[in-house]
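Data block below; observations after.
Residue numbering restarts at 1 for every chain, and letters A, B, ... go by the order of the sequence lines.
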Protein chains: 2
Amino acid sequence: MSHTYKYPRPALTVDTVIFGLDVKDYTLQVLLVERAQQPFKGKWAIPGGFVDPGESVDDAARRELEEECGVKNVFLEQLYTFGDPDRDPREHVVTIAYVALVNINDHKVKAGSDASKAEWFPVSRLPKLAFDHRKILKMAIERIQSKVRYRPIAFELLPKKFTLTQLQNVYETVLEKRFDKRNFRKKMQSLGIIKDLGQTQTKVTHRAAKLYSLDRKAYRELEKQGGNLGV
Amino acid sequence: MSHTYKYPRPALTVDTVIFGLDVKDYTLQVLLVERAQQPFKGKWAIPGGFVDPGESVDDAARRELEEECGVKNVFLEQLYTFGDPDRDPREHVVTIAYVALVNINDHKVKAGSDASKAEWFPVSRLPKLAFDHRKILKMAIERIQSKVRYRPIAFELLPKKFTLTQLQNVYETVLEKRFDKRNFRKKMQSLGIIKDLGQTQTKVTHRAAKLYSLDRKAYRELEKQGGNLGV
DNA sequence: CCAAAAGTGTTGGGACTACACCCATGA
DNA sequence: TCATGGGTGTAGTCCCAACACTTTTGG
């Protein structure tokens, strides 16, 4: 079956830049797929696919992310729409790019469900990319870094109960920057968005750390006042 | 002539939220067009149109803006892509929204070039809008306000030579907020992005104000350091 | 000399930075 | 008792907000 329109239409795809956080070795990584076909056969690319008509583009991105990574309910947001007519040599393909952030340790090697193979790359050592994907990725890195300063996405990557050191590690990894431990703790505590659970770690070979959880209600309050996290 | 594709494709449009600044009465306004056809006949809408294949979506937005408003080289940037399948009752239409900012006094009544009539509305008194345009407009207002804090778009709305009071008026109008005159001046001067031209106003019935111009080189320096304007 | 807008300096408080040491735990 | 990471307080600096009066100009 085919589809006929009065005027020509560009094709529409969704591409999702999936960032994975490896808190263990302080690296921010990206999931890329190797292209099995021309054009750019053998080059690495940001995973993506066509938007099914009748499907919202947000849903297309969520579907894509789940197929690729098997995750739901992670940070996922629209980045930008790239619409140069020559970004794909075959025809005019407009792509709506999304950014996602997942905990890499939960999604280790997880090959793509289609024919292509998928692999994590540290953002500091990227391979050659297909299409205009280098440009998309550059914008995605800027976005994820600025986003983490304003929204509590760092918390999404941690277990419900976490220590302040774990939280600090997430920030340091995404922002590729170290913070002073004392100042970081003071800042987080003064924001009033984390709750001391009155519990501690167990089975650690050193002083057990206190456990905290995100106080979502307080967070939403802060958010309303345009609150950034000041990190 | 018609166009046939193997898989169905959503239609793709560009809608541009055109903000006009009226420095005289401190209002931020939006240019809307009245719809001549169904659906939403008689309702007001954000001006827009289809993306011609082979045309970049940025170019489509620039073309749209020039047709609608007769302006070039003003602030214009992509806002967000809206892709719910039911946002248009006829079929799945994905729209890439843009935001523009022009000086309303240069573009007074300027009716749209197509059949519909165009009118400026203060953002505080908007009519009923077609489609999901209320949602688009809300996001556009947030964007223009946050943008003006980070980028020197205020300067685009002023003549090459301007006074500090004029500059302050632009900020106050877009942000719908008043600033302390002394602090505003100190801030702007300390940023080092404006040059004192050593000239003054003429033909004013009060003390003549000094004239300044934007120092674009210094501005780009500041921009590199992620510099926001702190207003 | 009056009206109208231009122009300017100081002070207090809050937030950030930088910095070094003691504490609890299990091996 | 040692190794490991957890946990804390203070002082200096900078930036911001708040605030009122004098100056220049043309009418």
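Note: CZ (Arg178(A)) to P (dA18(C)) measures 15 Å, nearest angstrom. Remark: C1' of dG5(D) and CG of Leu164(A) are 13 Å apart, rounded to the nearest angstrom. Distance, Asn183(A) CG to dT10(D) P: 14 Å, rounded to whole Å. Distance, Gln189(B) CD to dA6(C) P: 13 Å, rounded to whole Å. One interatomic measurement links the two molecules: NZ of Lys187(A) to C1' of dG9(D), which rounds to 18 Å at whole-angstrom precision. Atoms CZ (Phe184(B)) and P (dA17(D)) sit 13 Å apart, rounded to a whole Å. In this structure, CZ of Phe162(A) is placed 20 Å from P of dG5(D), rounded to the nearest angstrom. Atom P of nucleotide dG6(D) and atom CG of Leu211(A) are separated by 11 Å, given to the nearest angstrom.
Two end axes, each from the C1' atoms of five base pairs, can be drawn for the helix from dC1(C)-dG27(D) to dA27(C)-dT1(D); they diverge by 10°, to 10 degrees.
Ser190(A) comes within 4.0 angstrom of nothing in the nucleic acid, heavy atoms only. Backbone-only engagement by Thr165(A) is indicated by non-hydrogen atom pairs under 4.0 Å involving sugar-phosphate atoms exclusively.
The existence of a salt bridge linking Arg63(A) and Glu67(A) is confirmed by a sub-4.0 Å separation between a basic side-chain nitrogen and an acidic carboxylate oxygen. The pair Glu34(A)-Lys43(A) does not meet the salt-bridge criterion, since no charged nitrogen lies less than 4.0 angstrom from a carboxylate oxygen.
For the OP1/OP2 pair of dG26(C) and a distance below 4.0 Å, the side-chain nitrogens and oxygens of Lys203(A) include no atom meeting the criterion. For the OP1/OP2 pair of dA18(D) and a distance below 4.0 Å, the side-chain nitrogens and oxygens of Arg182(B) include no atom meeting the criterion. Note on Arg207(B): every side-chain N or O is 4.0 Å or more away from OP1 and OP2 of dG26(D).
Looking at Lys181(A), its side chain comes within 3.5 Å of the base of dG7(D) through a donor and an acceptor atom. Scanning atom types as modelled, no donor and acceptor separated by under 3.5 angstrom connect the side chain of Lys210(A) and the base of dG6(D).
By the 4.5 Å heavy-atom criterion applied to side chains, Val94(B) and Val51(A) are not counted as neighbours. Under the 4.5 Å side-chain criterion, counting only non-hydrogen atoms from C-beta, Leu31(A) is in contact with Glu68(A). Residues Asn169(A) and Glu172(A) are in side-chain contact: their nearest non-hydrogen atoms beyond the backbone lie under 4.5 Å apart.
Position along DNA chain C of the nearest nucleotide to Ala208(A) versus Asp180(A) favours Asp180(A) as the more 5'-ward residue. Residues Lys186(A) and His206(A) each lie close to DNA chain D; by heavy-atom proximity, the contact nearer the 5' end of the strand is made by His206(A).
Relative ring orientation between Phe184(B) and Phe179(B) is described as tilted, the plane-to-plane angle lying within the 30° to 60° band. Taking the six-membered ring where the residue is Trp, Trp44(B) and Phe121(B) present perpendicular rings, their angle passing 60° and hence far from 30°.
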